[in-house]
Number of protein chains: 2
Amino acid sequence: MDKIDLKLISLLQKNARFSLKQLAEQVFLSSPAVSSRIERLEKEGYIIGYQAQIDEERLGYHIKAFINLEMTPKQKPTFYPFISECPNVLECNCVTGQYSMLIKVAFASTQELDMFIGKLQKFGNTQTQIVFSTAVRPRGIQVGDVERLEQE
Amino acid sequence: MDKIDLKLISLLQKNARFSLKQLAEQVFLSSPAVSSRIERLEKEGYIIGYQAQIDEERLGYHIKAFINLEMTPKQKPTFYPFISECPNVLECNCVTGQYSMLIKVAFASTQELDMFIGKLQKFGNTQTQIVFSTAVRPRGIQVGDVERLEQE
DNA sequence: GATGAAACAGCCGAGCT
DNA sequence: AGCTCGGCTGTTTCATC
């Protein structure tokens, strides 16, 4: 994990479809060298995958929201499979505080959102925050400028 | 926007580095046809970009958190540029409820997180939820199974 | 990590349905 | 109009240094 690895990560965060040649030019290496570095970064778990970012709004999912779900730990075994199968769930984290799960969702309408929240009731109380607008779109940690060259 | 477009979107969400040929095989079209469809999806704003997903934990950012920030609307013009420049901010949304901004961040330690929260105080009160674990990693809306073929 | 050759994929045109 | 096919160009991969 050196500066070049971080630069490659940063470039792939900007555009995962850069060709090896384009990447090679920007880090002043040959394409085979870049290829083997990326392979290593994938194998060692730094790079989890490459995802196309979709505009949910453009696809008709106009309502985005964060749902706080108050849940007892013993429900986790049934909750986890359920939540990961929901196509409208964009992210779900277990967090500190009164509400134990924080779920990000996208729906076509408030009606659909309401129905989903209804389904969640069997797990516990919910509190919902609807998204008005997005100041910073989901993105990775910005590694370009920082000097964090640990051997992790 | 037909079934094939949705299938392409779904495939690129799974792996943005699929080659045109690989995509073509899976939708039973030729690669030029796939190429022009993707070009159109990008131009029309369905596909915003392609991002490598990084394991922040693996890079040493062990603390992830959601910060609720209570802020008056008049502070937005100074807050927006500030928040989008922070390399540790993974996402930021304006939401309904008592807390007007919901900010997702990643830091190497609770100390750094604490310092950041300190900096936010000049905008308003905060309430922080630290992430214990992730049930569903950030992902796009799952379009594969649903029948949402509107001309949006 | 670099170089060169071979395999491969992507791009642009023409012709077809 | 959009899809498929063929040729050229550029990219990736492998062997060698």
Side-chain angles (χ1 to χ4, degrees), chain A residues 1-55 58-60 140 142-152, chain B residues 1-55 58-60 139-140 143-152:
Chain A
M1 178 58 41
D2 59 11
K3 280 185 187 178
I4 293 178
D5 287 335
L6 286 180
K7 180 71 178 168
L8 287 173
I9 285 176
S10 172
L11 288 167
L12 286 170
Q13 280 180 321
K14 286 202 196 80
N15 182 3
R17 282 183 82 82
F18 274 135
S19 71
L20 294 182
K21 199 191 173 189
Q22 288 174 305
L23 293 169
E25 282 168 11
Q26 296 189 68
V27 298
F28 307 104
L29 286 179
S30 66
S31 359
V34 170
S35 176
S36 68
R37 275 173 181 266
I38 290 178
E39 222 168 285
R40 179 173 47 76
L41 289 172
E42 289 172 357
K43 208 184 66 198
E44 294 181 355
Y46 293 101
I47 297 174
I48 299 167
Y50 306 93
Q51 223 177 6
Q53 301 161 266
I54 300 306
D55 188 337
R58 193 77 182 76
L59 272 178
Q142 309 291 296
V143 293
D145 357 274
V146 293
E147 294 294 320
R148 182 182 305 281
L149 300 178
E150 305 155 29
Q151 313 300 326
E152 307 219 24
Chain B
M1 177 57 43
D2 59 12
K3 280 185 186 176
I4 293 178
D5 286 336
L6 286 180
K7 179 72 179 166
L8 287 173
I9 285 176
S10 172
L11 288 167
L12 286 170
Q13 280 179 321
K14 287 204 196 78
N15 182 3
R17 282 184 81 83
F18 274 136
S19 70
L20 293 183
K21 198 190 174 191
Q22 289 173 304
L23 294 169
E25 283 167 11
Q26 297 188 67
V27 298
F28 307 104
L29 286 181
S30 65
S31 8
V34 171
S35 175
S36 69
R37 274 173 183 268
I38 290 178
E39 221 168 285
R40 179 173 47 76
L41 289 172
E42 289 172 356
K43 209 184 65 193
E44 294 181 354
Y46 294 100
I47 297 174
I48 300 167
Y50 305 93
Q51 225 175 12
Q53 300 161 265
I54 301 306
D55 188 336
R58 193 78 182 76
L59 272 178
R139 67 183 187 192
V143 293
D145 355 275
V146 293
E147 294 294 321
R148 185 182 301 286
L149 300 177
E150 306 156 28
Q151 314 299 324
E152 306 219 22

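Residue numbering restarts at 1 for every chain, and letters A, B, ... go by the order of the sequence lines.
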Could you list the protein-to-nucleotides 1-3 of chain D atom pairs, N/O on both sides, closer than 3.5 Å?
residue : atom : partner : partner atom : Å
dC3(D)  : OP1  : R37(B)  : NH2          : 3.3

For S30(B), side-chain hydrogen bond (donor to acceptor under 3.5 Å, both in side chains) partners two or more places apart: none
Indicate the atoms forming the closest heavy-atom contact of V34(B) with A24(B), along with that distance. CG2-CA, 3.6 Å
Would you please name every residue forming a side chain to side chain contact (heavy atoms under 4.5 Å, CB included) with S35(B), sequence neighbours left out? L20(B), E39(B)
Could you work out how much the helix from dG1(C)-dC17(D) to dT17(C)-dA1(D) bends, comparing the axis of its first five pairs with that of its last five, to 10°? 30°
Give the table of side-chain donor-acceptor pairs shorter than 3.5 Å for residues 47-55 of chain B, with sequence neighbours excluded, one pair per line with atom names and distance.
residue : atom : partner : partner atom : Å
Y50(B)  : OH   : E42(B)  : OE2          : 2.6
D55(B)  : OD1  : E57(B)  : N            : 3.1
D55(B)  : OD1  : R58(B)  : N            : 3.2

What pairs of residues pass the salt bridge (charged side-chain N to carboxylate O under 4.0 Å, His left out) test when at least one of them lies in residues 5-20 of chain A, not counting sequence neighbours? D5(A)-R37(A), D5(A)-R40(A)
Could you tell me if the side chain of I38(B) sits less than 4.5 Å from the side chain of L12(B), heavy atoms only? yes
Heteroatom pairs (N/O) under 3.5 angstrom, protein to nucleotides 10-15 of chain C:
residue : atom : partner : partner atom : Å
dG10(C) : OP1  : L20(B)  : N            : 2.8
dG10(C) : OP2  : L20(B)  : N            : 3.4
dG10(C) : OP2  : K21(B)  : N            : 2.9

Whole-Å distance, F28(B) CZ to dC5(D) C1', equals 19 Å
Not counting sequence neighbours, which residues clear side-chain hydrogen bond (donor to acceptor under 3.5 Å, both in side chains) with Q26(B)? List them please. none
Can you tell me how far the CD1 atom of I9(B) sits from the CG atom of L59(A), to the nearest 0.5 Å? 5.0 Å
Quick one: list whatever passes side chain to side chain contact (heavy atoms under 4.5 Å, CB included) with S19(B), sequence neighbours left out. K21(B), Q22(B)
Among I4(A), L8(A), L23(A), whose side-chain contact (heavy atoms from CB on, under 4.5 Å) with L29(A) holds? I4(A)
Starting at CD1 of I38(A) and ending at P of dT11(D), how long is that distance when rounded to a whole Å? 15 Å
